2 protein chains.
Amino acid sequence: MTFAKLAVFTEHQQQIAKLAKALSHPARVAILEHLAKVGVCISGDIANELPLARATVSQHLQELKAAGLIKGTIEGQTVCYCIDPEGYQQLIDHLGGFTTNNKPTSCC
Amino acid sequence: MTFAKLAVFTEHQQQIAKLAKALSHPARVAILEHLAKVGVCISGDIANELPLARATVSQHLQELKAAGLIKGTIEGQTVCYCIDPEGYQQLIDHLGGFTTNNKPTSCC
DNA sequence: GTTGTATGACGCAAATATACGACACATTCG
DNA sequence: CGAATGTGTCGTATATTTGCGTCATACAAC
């Protein structure tokens with residue numbers, strides 16, 4: 001994506017982009033919804049629910065973990081995944097900044 | 001991105017993905033921040049603020065408009081862009097669903 | 001009419017994302 | 001120990017995104 005000029009953007013902006021990118025794919029949204037609904041976190045369960053290969057699900061889980069939206073803890077043979085509220089809060093806070101600073105009748 | 005299996009995902013999920021994708025790029029976040037800060041909406045101004053070509057900015061604006069995060073109205077010679085709070089509210093509402101349904105101590 | 005400004009559309013090349021199969025590793029059970 | 005199960009990683013093919021140059025259009029000023 002030609003991120004040569006990525007350095008010119010604020011860390012703040014990149015942080016938002018990172019969190020948003022984690023949600024920018026229906027598969028990841030589905031994973032999060034499943035986690036939120038079931039609450040249980042076994043990777044295999046997610047792979048069974050979604051029409052995706054285990055490798056793909058594992059990859060998505062990794063990205064979500066990297067973005068800070070989920071946590072993963074090893075639990076013997078299985079791995080436990082669950083939602084990390086901090087990441088959401090962070091994103092929601094950032095989003096709030098756009099709307100609160102908004103000046104409604106400036107021109108439109 | 002091999003979206004052959006896209007049909008299996010909920011419209012709800014795809015809507016979130018669409019909104020999130022609009023925020024998944026630092027350039028677009030920068031555009032939105034600029035709009036939120038200045039409140040004025042001339043496309044050329046945005047192109048001057050960012051280290052991107054006008055064509056690129058125009059493209060980003062188009063994507064943001066398609067996602068429903070900004071509005072664009074023609075105003076004589078110039079085009080007026082401003083933030084559309086509805087899109088944000090929609091996204092924030094969706095995000096809230098994840099955290100509220102969260103069962104904290106289910107396994108982690 | 002001609003020039004300059006403001007915007008958007010088309011097409012291209014490079015970078016990235018996505019999905020998958022196959023393999024390697026750890027743990028549990030017989 | 002050997003088999004079975006659950007996970008993660010690696011390499012690869014395809015689809016998409018991204019950024020830019022270039023061109024076409026619309027309007028105002030001279």
Side-chain angles (χ1 to χ4, degrees), chain A residues 1-9 13-14 17-31 35 40-67 70-82 107-108, chain B residues 1-9 13-14 17-31 35 40-67 70-82 107-108:
Chain A
M1 307 197 179
T2 330
F3 271 113
K5 294 183 176 176
L6 195 144
V8 300
F9 296 112
Q13 294 164 347
Q14 295 191 43
K18 184 171 131 193
L19 289 169
K21 189 156 60 181
L23 294 171
S24 70
H25 199 282
R28 286 195 281 268
V29 177
I31 290 174
L35 281 181
V40 187
C41 327
I42 303 167
S43 162
D45 284 2
I46 300 169
N48 287 334
E49 287 287 331
L50 299 179
L52 296 172
R54 266 151 296 185
T56 307
V57 172
S58 185
Q59 227 170 282
H60 283 310
L61 287 170
Q62 205 177 118
E63 288 187 49
L64 288 170
K65 194 163 59 178
I70 62 173
K71 290 180 190 170
T73 42
I74 302 172
E75 198 163 306
Q77 187 175 355
T78 60
V79 175
C80 158
Y81 285 108
C82 65
C107 67
C108 297
Chain B
M1 304 196 177
T2 331
F3 272 112
K5 293 182 177 176
L6 195 143
V8 301
F9 295 113
Q13 294 164 346
Q14 294 191 42
K18 184 173 131 193
L19 289 169
K21 187 156 62 181
L23 294 171
S24 70
H25 199 281
R28 287 194 281 267
V29 177
I31 290 174
L35 281 181
V40 187
C41 326
I42 302 168
S43 162
D45 285 3
I46 300 170
N48 288 335
E49 286 288 331
L50 299 179
L52 296 173
R54 266 153 294 181
T56 307
V57 171
S58 184
Q59 223 170 283
H60 284 310
L61 286 171
Q62 207 175 110
E63 287 188 50
L64 288 170
K65 194 162 60 178
I70 63 173
K71 289 179 190 172
T73 41
I74 301 170
E75 199 163 308
Q77 189 175 355
T78 59
V79 175
C80 159
Y81 285 108
C82 65
C107 67
C108 298

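Chain A is the first sequence line, chain B the second, and so forth, proteins listed ahead of strands; every chain is numbered from 1. Being a predicted model, the structure only gives us computed values, none of them experimental.
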Mind calculating the distance between [atom1] ([X]) and [atom2] ([N]) to the nearest angstrom?
X	N	atom1	atom2	answer
A/Gln14	D/dT18	CD	C1'	15 Å
B/Gln62	D/dG19	CD	P	14 Å
B/Phe9	C/dT18	CZ	P	11 Å
B/Asp45	C/dT7	CG	P	8 Å
A/His60	D/dT9	NE2	P	15 Å
A/Asn48	D/dT7	CG	C1'	13 Å
B/Leu52	C/dG8	CG	P	15 Å
A/Arg54	C/dC20	CZ	P	11 Å

Report task. Decide yes or no, distance alone: a donor-acceptor N/O pair under 3.5 angstrom between the base of C/dC20 and the side-chain of A/Gln59. Result ->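 Side chain to base: pair present.
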
Report task. Under 4.0 Å between any heavy atoms, over every strand shown, what does A/Ile42 touch: base, sugar-phosphate, or nothing? Just pick one. Result ->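 Touches sugar-phosphate only.
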
Query raised in the report: For A/Thr78, which contact category applies under a 4.0 Å heavy-atom criterion: base, sugar-phosphate, or nothing?
Result: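 Answer is sugar-phosphate: A/Thr78 comes under 4.0 Å of backbone atoms only.
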
Sub-4.5 Å side-chain heavy-atom contact between [X] and [Y]:
X	Y	result
B/Leu61	B/Ile70	yes
B/Leu50	B/Ile31	yes
B/Lys65	B/Lys71	no

Counting just side-chain N and O atoms, does [X] come under 4.0 Å of either OP1 or OP2 of [N]?
X	N	result
A/Thr56	C/dA19	no
B/Arg28	D/dT18	yes
B/Lys21	D/dT17	yes
A/Ser58	D/dT7	no
A/His25	C/dA19	yes

Query - Backbone N/O of B/Ile46 and side chain of B/Arg54: donor-acceptor pair under 3.5 Å - result: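 Side chain of B/Arg54 to backbone of B/Ile46: no pair is present.
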
Query raised in the report: Is A/Ser58 reaching over with its side chain to a backbone N or O of A/Ala55, donor-acceptor style, under 3.5 angstrom?
Result: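 Checking the backbone N and O of A/Ala55 against the side chain of A/Ser58, no donor-acceptor pair under 3.5 Å is found.
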
